Amino acid sequence: MKSCYLVLVKRTPAFSDDVGAEHVRFLDAVRARGQLLLTGGFSDKSGGAYVLQDVPDLAAAQALVDTDPLLVRGSATASIHEWNTR
């Protein structure tokens with residue numbers, strides 16, 4: 001089994017469309033480091049999810065997610081779940 005971290009992101013009432021490009025750049029940087037396995041938005045536009053890999057532990061995953069511009073700018077909240085995949 002491989003441990004990954006599922007990050008569920010939900011938009012807040014303060015969501016701003018202009019933070020979207022910053023969020024994509026953030027995800028691109030995480031992908032370039034080999035730490036992003038999968039990402040996508042929910043079809044109802046309420047948020048999305050991404051899966052982190054090769055992150056040492058939950059604390060490191062939380063520290064990384066805390067730098068996501070969506071959270072930094074108050075446009076979203078996130079919950080992180082350790083996910084044992086097969």
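On a predicted model such as this, the values are computed, not experimentally measured, just so you know.
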**Message:** Measuring only between side-chain heavy atoms, which start at C-beta, is Trp83 closer than 4.5 Å to Leu52?
**Reply:** no

**Asked** Does Gly34 offer a backbone N or O that forms a donor-acceptor pair with the side chain of Gln53 under 3.5 Å?
**Response** yes

**Item:** Ile80 with Leu70, same ILVMFWY side-chain cluster at under 4.5 Å
**Value:** yes

**Message:** Distance check, rounded to the nearest 0.5 Å: Leu71 atom CG versus His23 atom NE2?
**Reply:** 9.5 Å

**Minimum heavy-atom distance Phe42-Val9, with the two atoms named** = CE1-O, 3.9 Å

**Asked** When rounded to the nearest 0.5 angstrom, what is the spacing between CG in Leu27 and CD in Glu22?
**Response** 12.0 Å

**Fill in**
Thr12 and Gly74 have their tightest heavy-atom pair at OG1-O, 2.7 Å

**Prompt:** Under a 4.0 Å N-O cut-off, is there an ion pair linking Asp54 with Arg33?
**Reply:** no

**Prompt:** Less than 4.5 Å apart, any side-chain heavy atom of Val65 and any of Tyr50?
**Reply:** yes

**Prompt:** At what distance, to the nearest 0.5 angstrom, does CZ of Arg31 lie from CG of Leu38?
**Reply:** 8.5 Å

**Prompt:** Do the side chains of Phe15 and Lys45 get nearer than 4.5 Å, heavy atoms only?
**Reply:** no

**Prompt:** How far does OH of Tyr5 sit from CG of Asp57, to the nearest 0.5 angstrom?
**Reply:** 5.5 Å

**Message:** Looking at every non-hydrogen atom in both residues, tell me the closest pair between Val19 and Pro69 and how far apart they are.
**Reply:** CG2-O, 3.6 Å

**Item:** Euclidean distance, Leu58 CG relative to His81 NE2, rounded to 0.5 Å
**Value:** 10.0 Å

**Request:** Drop me the distance from Ser75's OG to Asp18's CG, to the nearest 0.5 angstrom.
**Result:** 7.0 Å

